[in-house]
Structure formats: C-alpha cells, structure tokens
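I have placed the structure first, in the form of structure tokens, so that the comments after it can refer back to it.
Throughout, a chain's letter reflects where its sequence line sits, starting with A, and its residues are numbered from 1.
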Amino acid sequence: MKVTVKDGPSGDVQTGQTVGTALSALGVPVGIDIVAARVNGSVVDLSTPLREDAVIEPLRFDSPEGREVYRHSSTHIMAQAVKELFPTAQLTIGPALEDGFYYDFAYERPFTPEDLEKIEKRAREILTRNLTITRKELSKQEAIEFFKARGERYKVELIENFPEGEQVSIYTQGDFVDLCRGPHVPSTGHVGALKLLSTAGAYWRGDERNPMLQRIYGTSFPTREELEAHLARLEEIKRRDHRKVGKDLDLISVQDEIGPGLVLWHPKGAMIRLLIENFWREQHIKDGYELVYSPHVARLDLWKTSGHVDFYRENMFAAMKVEGSDYQLKPMNCPYHIMIYKSHLRSYRDLPIRYGELGTVYRYERTGVLHGLLRVRGFTQDDAHLFCRPDQMEMEVSRVLDFTFLMLRTFGFADFEVFLSTRPKESVGSDEHWTQATGALEAAIKNRHIAYRVDQGGGAFYGPKIDIKIKDALGRSWQCSTIQVDFNNPERFKLSYIGEDGKAHQPIMIHRALLGSIERFFGILIEHYGGAFPTWLAPVQATVMNITDHQRDYVAAVAAELKAAGFRVEADLRNEKIGFKIREAEKAKVPFMLVAGDREVQGRTVSVRGRSGANLGNMPVSGVIDLLRAETARARPDVQSIQGGGLSFPNCA
RNA sequence: GCUGGCGUAGCUCAAUCGGCAGAGCAGCGGUUUUGUAAACCGCCGGUUGGAGGUUCGAUUCCUCUCGCCAGCUCCA
C-alpha cells in the first residue's frame, strides 16, 4: 500500500497500519503537536487503520481543522470532569467554537462559579492522567441500548434521529464515553492548557419550548502562553467595550427614564456622528444620489400596502390612533422612498433614481436582545433605494460595491468578507427574475475581482442580496453593509416607468445600507479604535494647555487661532499641574496636546505631544495647522482632492 | 420572551450573622504657580432602581415590578 505524506516522504506501508504508525514508519515524528490527520481528504483519528493508498496530511493546532479537533477533545475532557463531579448531569452536545468550545448539560440547577472552578481543576487533572481516547463503532440499535443503559436520555434522542442502518461512533477515555462523530486527539494529555470561562442557559436544540440546559464555555491552547495571550485578548475586548468607552468618553448614554434601546447622543458623540454624517452626505451627492427626508409616522395603510403589517408586525411598535385612523411609527424607510418615486410618472430616461436618507426607524426588539449601541430600538439607517431598469442592475450594484469599500476603508476597515445569498424556499418573484438578479449581483462581485462566498438559500423572501462583513482591529467580524434586490415592493406598490416602447414596465428596486445603522456602526467604530478616534473624527482634536497662569493669554490666543483655522480645539487654563492636564487629555484620547510655558511664549511656539506620549517637538501655530491638516487628510481618501480645490475642511470649530 | 447573575453618591467599588450606609475619583471652596499620565487641605454629595411584605429594626430575607449583564432565540 502506497502512502504519501503531504509535502513529505512517501513509501510502502503494510495495509491495516494506523495513520500514526504509518507516519512514524515514513520517518515523520508523531509528536504531541499532531492531533489528527487529513487522509484522502477527510479528517480522521491518528488511530484510524489505513486500507488503501493514501495521502496523509498531519494536522496540528495551527490549522483550522486541527484546532477544531483539539477544542472538540477539550470539551469532552470538560464533560468527563463534569460527569465525575456531578454524576447525574446528562450529556447533550458539545461542539468546538472559533475560539474555544462549550458543552451543554442537563442538570437540576445552574453551575455556580465555584462549580466551574472545581470542574476546571478536575479537567486539568484529566489532562495529566493522559487517558487514551479510543473510537468504537456500533449499530444504531446497539448505540441506543448502550446510552439507555448509561441513563443518557439526550444521547438516545440524538441517535434515534439518525438515519436507519447508519453506524454510530462513540469515543471513550477512561470511564467516560460520549457519542461523537470525532475525530479526536490520541489522548487527553494532548491538550496543553485549558480554561473554563462562563456558564449560561441554552435551550435543548436551540428551541425555547425545550428544556433549558446548562452550558459551560471554555477554551484551550497547546501552551500556557497561548492561553494567556488569548485571555489577554478577551481583556482587551472588555477594555474596549463601547458601552464602557462610550460612558468614559461621555459620548452616549442609554437611560432607564427614557427607555431601553433608546440612545442619547452627548455633545462629543454627537460631534463624531455629525462628522460621519457630513462625510456620508458629501459622498452620496458625489456618487449621484438624491437625498430625501421622510416622517417618523405614517398611516397604517401604507404599512399594509408594503406588507410590513403582515410580515413584520412582531418587530413594530403598536399603532397609534390619530383622529380615528391608525398611524404607525416607521420601522423602515422604503415605503416613503417608493412614494416619492410614485409622485411622478417616470420615464426610462430618468433611471436610475437613487434616493438616500439617514432615516431614523423604530423597531420593537425583545428585551433580551438589546445590547448597548449594537442592538437598539431606535436607530438611523444609512439607507438608500435605487430604482433602475433590468439592464442597469449590474452597473448599479458595482457602483454600490465600490462605494461601500470606499466608505468602510475611510473608517479604518481593511478586511472584508462578501456573501452572496440566493433564493430561499419561501419566496416571491418569478424564476426568471431571481436568476437574472442573482446573476447581476454575482457578475458585479466578479467584475470587481472580490472573493466571496455563496450562502445558498440565504436571501430574503423578496430577493437575493449581498452582505459585506468587516473585520475590526481585534479580528472580530461585523455585518454592516447589505445590498438587497426587492421584487416584492415594486409589485405591491405597482411601480412603473414608461419604456422606450411607450409601454409601462416595472423597475428593479435595490435596498442598500453601507454602514447599516449609525448607532451600531458607531458602537463598532468605538471598539475598533478603542475610543482613540483618528484626528478627522476626534471630537476634540487638540488641547492647548498652559503651565502657569503667566501663559493664559498666549494659550487662549493659540486656541483661538487654531479654531479659526477650522479645528476642534480646547484650551485647558485650569490651575493644575501640567502632568494632571496631560493625564486628563490622555484619558479623553485627544490626539494632540499643545503645551506652552514661558519658553514657548518666548519663542512663539507650542510643545506638541502626540496621544500616548510621542514628543513631536516645538513648532509655531502654523506648524501645528500643517500637522493637523496632514493628520486630518490621512484617513480621508477624498480630502486631498478637496484640499487642492481650496474648499474648507469638514471640521467644525 | 426564556434561564441565570446583578442594581448602593455623577463614576469605580465597600458595608461581618438583619443592628447608626462608607472610601477613592469627580464636583465645589481654599492653599499652591506648577514642564509632559494624579499637588495639598476642607466641604458637599444617598428615599441603597421602584412598590409591597416579614421584623423592634431591612442595603441585607420574601413577593411583585423596572432596568442592566451573560447566554439562548432573533437581528441593522
């Protein structure tokens, strides 16, 4: 039997040898770092016997597949610890996650932090026991009998749902046995460092009508150091939490008296929002959009026509009675834009029409899902609706893609994932429309040479869509941008335009949002920058501070000059030591601190200190203006051109 | 909505078994005139989220309610 190691030696190996021994026989050291192997395409245990010629790729923690095996074995080890300490706990499921793993147990009470400590201690002990992990296959019936005998009701239920005649695999380590597809590491000692993180309730099979299970989250790494680094990253995420930073920097608040999920924008947060919105508006006008406004309420009938009353009721605030008729707080902007479209007879020559609006909508979200700025009940969508002819669709989508990337890059996001979602089972519109629209979306992505993944059946019921996810500074993914074709509304509202042939045709409608919602995007932005906004977005771009009262007038004059030049500058003239003022500006994450003592007054300069301590030396006010201009322009791809034209900066004094 | 945890001064957090609610920071008033992340002294600050109950007495125990957090479900 011929066995080849990927990127390594090959040779003859006796049939029936395991993957592990075959690797050894071919001179590949099978150290503790090798957790499993890919053999002819599928990931298997090292103990799997080889029956035919094979290409083997040893898998380590550094590969996604290896990591999954590693975490999966880790969760079994935790489950073993739980079973040893709490024998009446029932096993359910326990998968690997991106950064760790969890296991759901059916148990009579939630696990406490003290339980967690004990379980973690026991799990670590199981690592040192270095128990061999073995796989065994049973028939479906045997497996049911086996788990029945062990009293594992959930496992029995799982197996009963397996297809008839299928072999079931179980994995054993010491006295612990679990139903599992595998594969697993060869022994419990292969897991290096393990940490349990939290507990939570979770419904059996994710259905809220089912019993609540007790979930334990944990993570594991080959070395203590990697685990520590991961925990440090979790700390960093906590440190950057927009709810904390938003409060510390006095950007926003959500208050009990006002209501959950309803955001107050404090002056500094509002300034950043203004800058984002100004940029947004400028760019939209530049890109051929017409900006519109629409009211916060409308007759309920409008929402009946749009179908929201039928399909979206559970997410809408209750209707209100006004002079005997029902009015509805708006959960979306589209019907208004449609009505603007419908206010005239449209010619094919008018298309495409692009209506954009920073439209504030209100949606009733269940209390449990509200989360800081990321999930709220009142928010402003950076919404737009494009009405176009079928032949214009691809071009329009391409433009939106370019626009999206320009927008997101400006805010410091460089990593994107693009998803194309196709027709779901329940949907409206003809096959022809779906094929055409999906084709246009795909063509637009392709002609921009963008890597993408297809989410089969993941589209909305009313049309296919493109979703774009961004990765932030900590590598977390967020979905903001979406481009959705809509076959439903043009039909419901009987939209039309007069074609070249003099006859009425139905336009294609495209919904799109680039940032998603301003609230959510701001939350993401706060965490992305950790509150240290780039100069063009910083609510205060520089603080000028005096060392003693002697420089008061000079510092006030410097601040006034910088303000006159269009920058957001504050003067800190308080009777405090310079170290204290620096500390406060540093905590407020002001990009530049300009210090003036007698020396500076003498030389008509300021001493410039960058955020987090950089000494940029002394310079006159004109030098500071050049510096701030350069810094402001750096993140704004559009600013260079504006500068050339002598236009003012989008700064507000 | 569900499960669990938590609500104490503007912020961060104390308060033993049910026994006079406390500290740092912030704020205010002074002193100090200061060189790149916290000068010193003093003062002010509370219906302990809200309502009810048990008790001689409740921040503490019980019930209800509002909100927050983690997760489930759902999503911009």
Side-chain angles (χ1 to χ4, degrees), chain A residues 102 104 109-113 197-217 238 241 243-244 247-248 250 253-261 312 314-315 331-333 359-361 363-383 467 478-482 484 511-524 543 545-552 574-589 593-600 606-616 618:
Chain A
Y102 69 82
D104 286 344
R109 61 169 179 84
F111 293 111
T112 64
L197 299 170
S198 60
T199 58
Y203 301 105
W204 170 234
R205 294 175 181 273
D207 188 328
E208 65 186 33
R209 288 164 304 192
N210 284 340
M212 178 70 68
L213 306 174
Q214 305 305 328
R215 175 171 297 182
I216 302 179
Y217 285 94
K238 225 159 125 187
D241 191 312
R243 291 164 301 186
K244 182 174 166 45
K247 189 191 266 181
D248 289 348
D250 196 15
S253 65
V254 179
Q255 299 179 26
D256 227 8
E257 290 81 349
I258 289 159
Y312 208 69
E314 70 276 15
N315 279 302
M332 295 196 186
N333 303 302
T360 303
V361 298
R363 298 184 185 172
Y364 171 71
E365 299 285 353
R366 300 162 95 192
T367 50
V369 306
L370 298 173
H371 182 91
L373 290 174
L374 302 184
R375 195 72 185 277
V376 293
R377 284 185 174 156
F379 59 98
T380 301
Q381 290 183 303
D382 71 314
D383 213 355
D467 290 327
W478 305 96
Q479 198 217 304
C480 297
S481 320
T482 184
Q484 308 185 352
H511 307 248
R512 50 106 282 198
L514 308 182
L515 308 178
S517 97
I518 301 291
E519 283 74 4
R520 185 179 151 82
F521 189 74
F522 187 45
I524 294 167
T543 303
M545 37 190 98
N546 55 336
I547 292 196
T548 71
D549 283 345
H550 297 127
Q551 307 92 31
R552 281 185 76 97
R574 292 176 302 172
N575 175 14
E576 295 288 352
K577 292 179 75 168
I578 194 67
F580 182 81
K581 295 185 187 183
I582 295 276
R583 176 183 154 81
E584 299 243 305
E586 199 65 64
K587 283 207 310 187
K589 311 226 182 262
M593 288 153 240
L594 313 174
V595 179
D598 285 336
R599 290 203 296 273
E600 283 76 15
V606 288
S607 161
V608 182
R609 182 190 200 273
R611 187 159 52 192
S612 65
N615 180 3
L616 304 178
N618 278 44

Closest listed nucleotide, where the reference is the side chain of A/S607 and the choices are B/rU12, B/rG35, B/rA76: B/rG35
Check if the side chain of A/R243 and the base of B/rC69 share a donor-acceptor pair of N or O atoms closer than 3.5 Å. no
Same-atom distance (P) from B/rU16 to B/rU59, integer angstrom: 12 Å
Side chain A/R520 and base B/rA76 donor-acceptor under 3.5 Å: no
Give the rounded distance in Å between these two atoms: CD1 of A/I547 and P of B/rA37. 12 Å
Please confirm whether any donor atom in the side chain of A/E584 sits under 3.5 Å from an acceptor in the base of B/rA26, or the reverse. no
B/rA51 versus B/rG67 - spacing of their C1' atoms, nearest Å: 15 Å
Which whole-number value in Å describes the distance from A/M545 CE to B/rU33 C1'? 17 Å
Taking the P atom of each, how far is B/rC28 from B/rC17, in whole Å? 40 Å
Does any nucleotide pair with B/rU31 by Watson-Crick or G-U wobble geometry, both distances under 3.5 Å, and what is it? B/rA39
Provide the Watson-Crick or G-U wobble partner of B/rU54, both distances under 3.5 Å; none if there is no partner. none
Detail all sub-3.5 Å separations between protein N/O atoms and N/O atoms belonging to nucleotides 1-8 of chain B.
{"unit_1": "B/rG1", "atom_1": "OP2", "unit_2": "A/T367", "atom_2": "OG1", "d": "2.3"}
{"unit_1": "B/rG1", "atom_1": "N7", "unit_2": "A/G368", "atom_2": "N", "d": "3.4"}
{"unit_1": "B/rG1", "atom_1": "N2", "unit_2": "A/Y203", "atom_2": "OH", "d": "3.4"}
{"unit_1": "B/rG1", "atom_1": "N2", "unit_2": "A/E208", "atom_2": "OE1", "d": "3.3"}
{"unit_1": "B/rG1", "atom_1": "N3", "unit_2": "A/R366", "atom_2": "NH2", "d": "3.4"}
{"unit_1": "B/rC2", "atom_1": "O4'", "unit_2": "A/Y203", "atom_2": "OH", "d": "3.4"}
{"unit_1": "B/rC2", "atom_1": "O2'", "unit_2": "A/Y203", "atom_2": "OH", "d": "2.8"}
{"unit_1": "B/rC2", "atom_1": "N1", "unit_2": "A/Y203", "atom_2": "OH", "d": "3.3"}
{"unit_1": "B/rC2", "atom_1": "O2", "unit_2": "A/Y203", "atom_2": "OH", "d": "2.6"}

How many Å lie between CG on A/N333 and C1' on B/rA76, as a whole number? 12 Å
Quick one: is B/rA76 close enough that its OP1 or OP2 comes under 4.0 Å of any side-chain N or O from A/H511? no
B/rG49 to B/rU60 separation - P atoms, rounded to the nearest Å: 8 Å
In Å and rounded to the nearest 0.5 Å, what is the CG to CZ distance from A/D549 to A/R574? 13.0 Å
In Å and rounded to the nearest 0.5 Å, what is the CD to CZ distance from A/Q551 to A/R599? 10.5 Å
Quick note, A/P260 side chain, CB onward, closest among B/rA76, B/rA37, B/rC68 is B/rC68
Taking A/R512 for the side chain and A/D382 for the main chain, is one N or O donor matched with an acceptor at less than 3.5 Å? yes
Kindly say whether A/I547 contributes a backbone atom to a donor-acceptor pair with the side chain of A/K581 at under 3.5 angstrom? no
Any non-hydrogen side-chain atom of A/M545 less than 4.5 Å from a side-chain atom of A/I582? yes
Closest listed nucleotide, where the reference is the side chain of A/T548 and the choices are B/rA37, B/rU33, B/rA76: B/rU33
Provide, to the nearest angstrom, the distance between the CD1 atom belonging to A/I582 and the P atom belonging to B/rA39. 12 Å
Side chain of A/S253, backbone of A/Q255: donor and acceptor closer than 3.5 Å? no
The answer to which of A/A596 and A/E365 contacts RNA chain B further toward the 5' end, by nearest nucleotide, is A/A596
Assign each of A/H371 and A/Q484 to its nearest nucleotide of RNA chain B by heavy atoms, then name whichever residue's nucleotide is nearer the 5' end. A/H371
How long is the gap from OH on A/Y203 to CG on A/L213, to the nearest 0.5 Å? 10.5 Å
Donor-acceptor pair under 3.5 Å, A/E600 side chain vs B/rG35 base: yes
Under 5.5 Å and under 30°: A/F580 stacked on B/rA37: no
If you look only at distance, which donor and acceptor atoms sit under 3.5 Å apart when one is on a side chain in residues 370-379 of chain A and the other is two or more places apart or in another chain?
{"unit_1": "A/R375", "atom_1": "NH2", "unit_2": "A/E365", "atom_2": "OE1", "d": "2.8"}
{"unit_1": "A/R377", "atom_1": "NE", "unit_2": "A/E365", "atom_2": "O", "d": "3.0"}
{"unit_1": "A/R377", "atom_1": "NH2", "unit_2": "A/E365", "atom_2": "O", "d": "2.7"}

Applying a 3.5 Å limit to both distances, which nucleotide forms a Watson-Crick or G-U wobble pair with B/rU59? none
Between B/rC66 (P) and A/I258 (CD1): distance, integer Å: 19 Å
Using atom C1' in both nucleotides, what's the gap between B/rG45 and B/rG10 to the nearest angstrom? 9 Å
Of the nucleotides B/rA39, B/rC72, B/rU12, which one has an atom closest to the side chain of A/K247? B/rU12
Between B/rC75 and B/rU55, how many Å separate the two C1' atoms, rounded to a whole number? 48 Å
Could you tell me the separation between the CG atom of A/D383 and the CG atom of A/L514, rounded to the nearest 0.5 Å? 9.5 Å
Between CD of A/Q381 and P of B/rC75 the distance, given in whole Å, is 15 Å
A/R215 has a side chain; which of B/rC72, B/rA39, B/rU33 sits nearest to it? B/rC72
Base-pairing assignment for B/rU3 (Watson-Crick or G-U wobble, both under 3.5 Å): B/rA70
Rounded to whole angstrom units, what separation is found between the CG atom of A/D598 and the P atom of B/rU36? 15 Å
C1' atoms of B/rC44 and B/rG30, separation to the nearest Å: 14 Å
Round to the nearest Å and state the distance from A/Q479 atom CD to B/rC75 atom P. 11 Å
Is A/V376 touching bases, backbone alone, or none of the nucleic acid, heavy atoms closer than 4.0 Å? base
Under a 3.5 Å limit on both distances, the Watson-Crick or wobble mate of B/rA23 is B/rU12
Does A/R609 put a side-chain nitrogen or oxygen below 4.0 Å from OP1 or OP2 of B/rA37? yes
State, to 0.1 Å, how close A/C480 and A/L515 come at their nearest heavy-atom pair, and which atoms those are. CB-O, 3.4 Å
Distance, P atom - from B/rG7 to B/rU12, rounded to whole angstrom: 13 Å
